[in-house]
Engineer: 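Below is the structure I would like to discuss, written out as structure tokens.
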Amino acid sequence: MNSFKNPLYWLHPKQIWSHVRDIDTQAIQDRQGIAPQTLTNRAWVVIAVACVCLLMLHYLKYSSNLKTVIPMLESALSIPNKQWLNAYYSSAYRELWGYLWWGFWHLVAFILIPLLTIRLILKQPLKDYGLQWGDVHKHWLGYVLLTTPIIGFAIMASFRSDFANHYPFYDLAHISWLDLLLWECIYITQFIAVEFFFRGFLVNGLRTQLGSLSVAVMCLPYLMLHFPKLWLESTGAILFGFFLGILALKSRSIWGGVGVHVAIALTMDFAAMIQTKGLPEQWLR
């Protein structure tokens, strides 16, 4: 059967399960010549670091922590009269500063710490953790089939008030194109961090030891990351995480998943804005 003439071939359960078996077969081959204790130690390191990163992000990403950090910095640097704190509260971009803080902790917890772990503790190449183009182009149809129905759903859901008022997260994105572009840059960077942590660090860090079960392990914290969001989005994260995990291992890259996330996120933001406050009418405030 020609998969390009019949795209639904990519969605056939036998085809999906064949990818799962291929991942398990490759993992068995990769385990050859590696001491079992080394594999166990690597798994412990990946899981322990992942726990620390998830804990850090959950408690440090909120802008309320930024309000606590600014006075501490003022005290440490002898900044008088609460100049920085007052500037923060009076800034027209105060909400955006909060999201910049949110994005910063995604970079630290989901990219910087895992990168240092891979290079300094695991002593493995970064390309083995999805930081390469790999075979994304060979699996483009899988990514398209994963993205298209979700984009269609997002457009339809944008007509619901609960959805349209939920996105974008930054309430002032409609004020100017600068506000919108700055927000989307932070948002997209956060998706790169999420993809690297879940489909790069976690999946590849456990692939040799667990095979396809590394995808199942990854799906658990990925689902929990979505709990504050709308219930439909949280439910969809289960299958979404599974398919992205399989595609990441088959393509040996996180970049296809980044593309999927960015396409969906931009669609959700723009569709919601069009239904509510509209797109910006000026470049600057």
Side-chain angles (χ1 to χ4, degrees), residues 3-13 15-16 19 99 103 106 130 133 135-171 173-174 177 179-200 215 218-219 222-223 225-248 250-251 253-280:
S3 59
F4 290 94
K5 290 182 179 180
N6 182 11
L8 294 180
Y9 170 74
W10 287 74
L11 300 178
H12 196 287
Q15 173 70 1
I16 296 171
H19 290 317
Y99 279 114
H106 274 85
W133 181 251
D135 293 328
V136 171
H137 56 288
K138 295 181 180 180
H139 298 277
W140 68 270
L141 191 53
Y143 287 110
V144 169
L145 289 172
L146 182 62
T147 308
T148 303
I150 300 176
I151 286 180
F153 171 78
I155 293 173
M156 290 187 293
S158 68
F159 291 92
R160 291 173 53 94
S161 60
D162 56 346
F163 180 95
N165 291 321
H166 189 71
Y167 296 98
F169 296 153
Y170 178 42
D171 290 333
H174 67 286
W177 282 105
D179 281 273
L180 179 58
L181 291 173
L182 289 174
W183 157 246
E184 296 301 348
C185 285
I186 295 170
Y187 203 26
I188 289 171
T189 301
Q190 175 261 165
F191 281 123
I192 295 173
V194 167
E195 279 304 306
F196 176 66
F197 183 77
F198 288 99
R199 260 69 69 177
V215 177
M218 173 274 295
C219 284
Y222 185 65
L223 166 63
L225 190 73
H226 289 75
F227 281 166
K229 300 185 179 182
L230 300 174
W231 72 269
L232 280 174
E233 191 173 347
S234 296
T235 303
I238 302 172
L239 285 177
F240 192 62
F242 169 76
F243 285 118
L244 280 181
I246 296 297
L247 284 166
K250 292 295 293 182
S251 66
S253 174
I254 67 167
W255 295 112
V258 170
V260 168
H261 256 123
V262 170
I264 294 171
L266 292 179
T267 300
M268 292 167 75
D269 276 3
F270 278 79
M273 290 175 67
I274 290 170
Q275 295 297 333
T276 53
K277 300 173 182 177
L279 297 177

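Owing to the predicted nature of the structure, the values given are computational and were not obtained by experimental measurement.
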Engineer: Hey, could you give me the OG1/CD distance between T189 and E184, rounded to the nearest 0.5 Å?
Structural biologist: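 Rounded to the nearest 0.5 Å, the OG1-CD separation comes out at 10.5 Å.
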Engineer: If you compare all heavy atoms of P168 against all heavy atoms of A173, which two are closest, and at what distance to 0.1 Å?
Structural biologist: CG-CB, 3.8 Å
Engineer: Considering all heavy atoms of both residues, which atom of I192 and which atom of I254 are nearest to each other, and what is their separation?
Structural biologist: O-CD1, 4.5 Å
Engineer: Looking at F169 versus Y187, is the centre-to-centre ring distance below 6.0 Å?
Structural biologist: yes
Engineer: Give me the atom names and distance for the closest heavy-atom approach of A272 to A164.
Structural biologist: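 Here A272 and A164 meet closest at CB-O, 3.6 Å.
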Engineer: Is F163 close to M268 at the side-chain level, that is, under 4.5 Å between some pair of heavy atoms?
Structural biologist: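 A side-chain contact under 4.5 Å exists here.
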Engineer: Whether the side chain of W133 engages the backbone of S253 through a donor-acceptor N/O pair (distance < 3.5 Å, no angle test) should be reported.
Structural biologist: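 No; judged by distance alone, with no hydrogens or angles, the pair does not exist.
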Engineer: Could you check whether any side-chain heavy atom of Q190 comes within less than 4.5 Å of a side-chain heavy atom of V194, counting everything from C-beta outward?
Structural biologist: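 In contact.
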Engineer: Rounded at 0.5 Å granularity, tell me how far CZ in F243 sits from SG in C219.
Structural biologist: 10.0 Å
Engineer: At their closest point, which heavy atom of L145 faces which heavy atom of P149, and how far apart are they?
Structural biologist: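 Closest heavy-atom pair between L145 and P149: O-CD, 3.0 Å.
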Engineer: If you round to the nearest 0.5 Å, how far is CG of L180 from CG of D269?
Structural biologist: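 The CG atom of D269 sits 7.5 Å away from the CG atom of L180.
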Engineer: Using a 4.5 Å cut-off on heavy atoms from C-beta on, say whether the side chain of L244 contacts that of E195.
Structural biologist: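 In short, these two side chains touch, coming nearer than 4.5 Å.
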Engineer: Please confirm whether the backbone N or O of V260 pairs with a side-chain atom of T147, one donor and one acceptor, at under 3.5 Å?
Structural biologist: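 Here the side-chain-to-backbone pair does not exist.
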Engineer: Nearest 0.5 angstrom please: F198 CZ to Y222 OH, how far?
Structural biologist: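 Output value for this atom pair is 7.5 Å.
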Engineer: Would you check if D135 and H137 make a side-chain contact, meaning some heavy-atom pair closer than 4.5 Å?
Structural biologist: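 In contact.
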Engineer: Does Y167 reach the side chain of Q275, with side-chain heavy atoms less than 4.5 Å apart?
Structural biologist: no
Engineer: Nearest 0.5 Å, what's the CG-CG distance between D179 and D171?
Structural biologist: 11.5 Å
Engineer: Side chains of I246 and I16, heavy atoms from C-beta outward: is any pair under 4.5 Å?
Structural biologist: no
Engineer: Quick check: closest heavy atoms across G241 and V215, and the distance to 0.1 Å?
Structural biologist: O-CG1, 4.4 Å
Engineer: Taking the side chain as every heavy atom from C-beta outward, state whether I264 and F240 have any atom pair closer than 4.5 Å.
Structural biologist: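 Sidechains of F240 and I264: in contact.
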Engineer: Which value, rounded to the nearest 0.5 Å, describes the distance between I150 atom CD1 and I155 atom CD1?
Structural biologist: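 Reported value, rounded in 0.5 Å steps: 12.5 Å.
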Engineer: Which pair of non-hydrogen atoms, one from H174 and one from M273, has the smallest distance, and what is that distance?
Structural biologist: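 So the minimum-distance heavy-atom pair works out to CA-CE, 3.7 Å.
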